[in-house]
Amino acid sequence: MPAKQERRLRIGVLGAGQIAQAAHFESCTKAVNADLYAICDVAGDLRERMAITHGAQKTYNDYDTMLADPDLDAVIIATADAFHVPASIKALEAGKHVLCEKPIGVTVEECLVLKDAVEKSGKILQVGHMKRFDSGLQAAKSFISDEMGELIALKAWYCDNTHRYPMTDAVQPLIVTSANARKPSQNPKADLRRYYMLAHGCHLIDTARYFAGDIVSVHARLSERAGIWCWFVDVEFASGTLGHLDLTVQVRMDWHEGFQIYGKNGSILGKTYNPWYYKSSEVDIFREADGATHRVLGADGHFYRRQVESFARAILDKASMEGADINDGLASVQAMVAIARSVESGKPVALADVTGGV
């Protein structure tokens, strides 16, 4: 890994659970321009073990106390979805920058409250849509912005599979749990329709928006058969681009994720791997100008570390923000809610009209 830079962002991670252990602790320790300054978790056994394992300078069992630390620059919120908005608002009000796991919230209303808090704070809030830091997706985005011309149509799919845990358990660290961990009042997995949309649908929606821009409305169908949840979603983009999204969970095959994009001056075909392999997407970009297909290698596939480094650059160097902001996070939640309402009604639903949660 490259040597650490002299100026580094001091980050405190809230939550020492699965996503922190699998992604955020390592990302902070490997990032060239950031440090894992602190870990905060109510589970003392888990908190202290993670601090020793990853070398955090400080530990806290109280979030307010961590936020009061004048040496803390920013927080990564790696808690259950229900805690994202209140934890983000507390950090912003304490003058700290925020990188919050996706989805940014679970209802449209709480996301709007958070948006107001971000605007009042003057601080940076980035949503953890780490796929924006996949080199393959970034190459596709550059081609769309610089060369493709008018974007005609986008198809994207995100299909989790029955074999994902045996496959990812082989490459992920052993996740340590604690009986003392704080959990939300309701089990997030009690309603799998809701859970799968929040956990996976937000990735698919953000990828589509990253490429094709704002979504105006959706028309969704859902099949729940044979232990498979399958959403087919026709999307109206503000640009006039035609869109179709496929979110399917528990497909009987390998992990299946990717996209197909057609434009005036070329086309793009992308294959995305399970994120825990840290392998950049294989993206073939066909340029009409030279009649040839090009593919970036994407040797650095640590999306989570690259996400932290970009977050730190935006704060330390005033660099342009590459990640998803609060408006992207809000739009993702609005789209998920609109999909849920469209499934219920069987009709198209405009994102601007939705309220409530999934």
Side-chain angles (χ1 to χ4, degrees), residues 1-43 46-80 83-102 104 114 117-118 121-130 132-133 173 302-319 321-326 329:
M1 297 298 298
K4 290 273 190 176
Q5 297 175 2
E6 184 175 347
R7 292 178 64 242
R8 301 191 295 275
L9 192 72
R10 295 180 295 269
I11 297 176
V13 177
L14 175 64
Q18 182 171 3
I19 189 63
Q21 294 180 42
H24 296 304
F25 293 150
E26 181 179 272
S27 294
C28 292
T29 57
K30 286 186 174 181
V32 298
N33 55 358
D35 286 327
L36 179 60
Y37 175 73
I39 296 174
C40 180
D41 199 292
V42 296
L46 184 59
R47 179 183 67 245
E48 297 307 320
R49 180 169 176 175
M50 290 302 110
I52 293 171
T53 300
H54 298 281
Q57 296 180 41
K58 293 187 177 182
T59 63
Y60 294 93
N61 65 0
D62 179 74
Y63 187 42
D64 291 332
T65 304
M66 182 173 79
L67 292 177
D69 186 336
D71 292 329
L72 179 74
D73 298 318
V75 296
I76 292 177
I77 297 172
T79 63
F83 304 136
H84 287 177
V85 167
S88 294
I89 291 175
K90 272 196 171 187
L92 294 168
E93 291 177 344
K96 311 300 181 183
H97 302 282
V98 176
L99 172 55
C100 182
E101 259 302 328
K102 58 76 194 170
I104 191 61
L114 177 57
V118 172
S121 72
K123 298 297 178 180
I124 287 175
L125 182 139
Q126 183 172 313
V127 187
H129 286 294
M130 85 295 176
R132 292 186 179 220
F133 298 93
H302 204 306
F303 326 114
Y304 285 100
R305 192 205 81 250
R306 299 183 76 211
Q307 174 180 248
V308 167
E309 289 176 339
S310 177
F311 177 60
R313 284 195 299 271
I315 296 166
L316 297 174
D317 306 325
K318 304 295 188 277
M321 190 167 163
E322 299 174 288
D325 62 17
I326 181 59

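The structure presented is a predicted model; accordingly, all values stated were derived computationally and were not measured. FYI, side chains are in, hydrogens and waters are out, and symmetry mates aren't considered; it's all heavy atoms of this structure.
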Output, in order, the C-alpha distance, side-chain angles, deciding distance and verdict of side chain to side chain contact (heavy atoms under 4.5 Å, CB included) for Phe311 and His97.
CA-CA 9 Å; Phe311 177 60; His97 302 282; 3.9 Å; yes

From CA spacing to verdict: side chain to side chain contact (heavy atoms under 4.5 Å, CB included), Ile76, Val308:
CA-CA 9 Å; Ile76 292 177; Val308 167; 4.1 Å; yes

Derivation and outcome, side chain to side chain contact (heavy atoms under 4.5 Å, CB included), residues Leu114 and Leu92:
CA-CA 9 Å; Leu114 177 57; Leu92 294 168; 3.9 Å; yes

Could you check Leu36 against Phe25 for side chain to side chain contact (heavy atoms under 4.5 Å, CB included), going step by step and ending with a plain yes or no?
CA-CA 7 Å; Leu36 179 60; Phe25 293 150; 4.0 Å; yes

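Rounding to the nearest 0.5 Å gives a distance of 8.5 Å between NZ of Lys102 and NE2 of His84. Between the CD1 atom in Ile11 and the CD1 atom in Ile39 there is a gap of 12.0 Å [rounded to 0.5 Å]. In this structure, CG in Leu14 is found 12.0 Å from CG in Leu99, a value given to the nearest 0.5 Å. For the atom pair NE2 of His24 and CD of Gln307, the computed distance is 6.5 Å after rounding to the nearest 0.5 Å. Between Thr53 atom OG1 and Glu48 atom CD the span is 11.0 Å, to the nearest 0.5 Å. The CG atom of Asp71 lies 5.0 Å from the CZ atom of Arg10; values are rounded to the nearest 0.5 Å.
The closest side-chain heavy-atom distance from Asn33 to Arg313 is below 4.5 Å. Taking the side chain as every heavy atom from C-beta outward, Glu93 and Leu67 never approach each other to under 4.5 Å. Two residues are said to be in side-chain contact when any heavy atoms from C-beta on lie closer than 4.5 Å; Val32 and Glu309 meet this criterion.
Residues His129 and Ala324 share a closest heavy-atom pair of CD2-CB, 3.8 Å. Considering every non-hydrogen atom in both Ala117 and Ile89, the closest pair reads CB-CG1, 4.1 Å. Closest of all the heavy-atom pairs between Val75 and Met66 is CG1-CE, 4.0 Å. For Asp325 against Val127, the heavy-atom pair with the smallest separation is O-CG2, 3.5 Å. Considering every non-hydrogen atom in both Tyr304 and Glu101, the closest pair reads CE2-OE2, 4.0 Å. Nearest heavy-atom pair, Ala91 versus Val98, reported as atom, atom and distance to 0.1 Å: CB-CG2, 3.6 Å.
Among the candidates Asp41, Asp69, Thr65, the single residue satisfying the side-chain hydrogen bond (donor to acceptor under 3.5 Å, both in side chains) test with Tyr60 is Asp69. Tested against Glu26 for a side-chain hydrogen bond (donor to acceptor under 3.5 Å, both in side chains), the candidates Arg305, His302, His54 yield a single pass: His302.
No donor-acceptor distance shorter than 3.5 angstrom exists from the side chain of Gln57 to the backbone of Ala38, with no hydrogens or angles considered. Although no hydrogens or angles enter the test, the distance criterion places no donor-acceptor pair under 3.5 Å between the side chain of Arg47 and the main chain of Thr59.
Annotation for Gln5: atom CD counts as buried by contact number, over 12 foreign heavy atoms lying within 6.0 Å.
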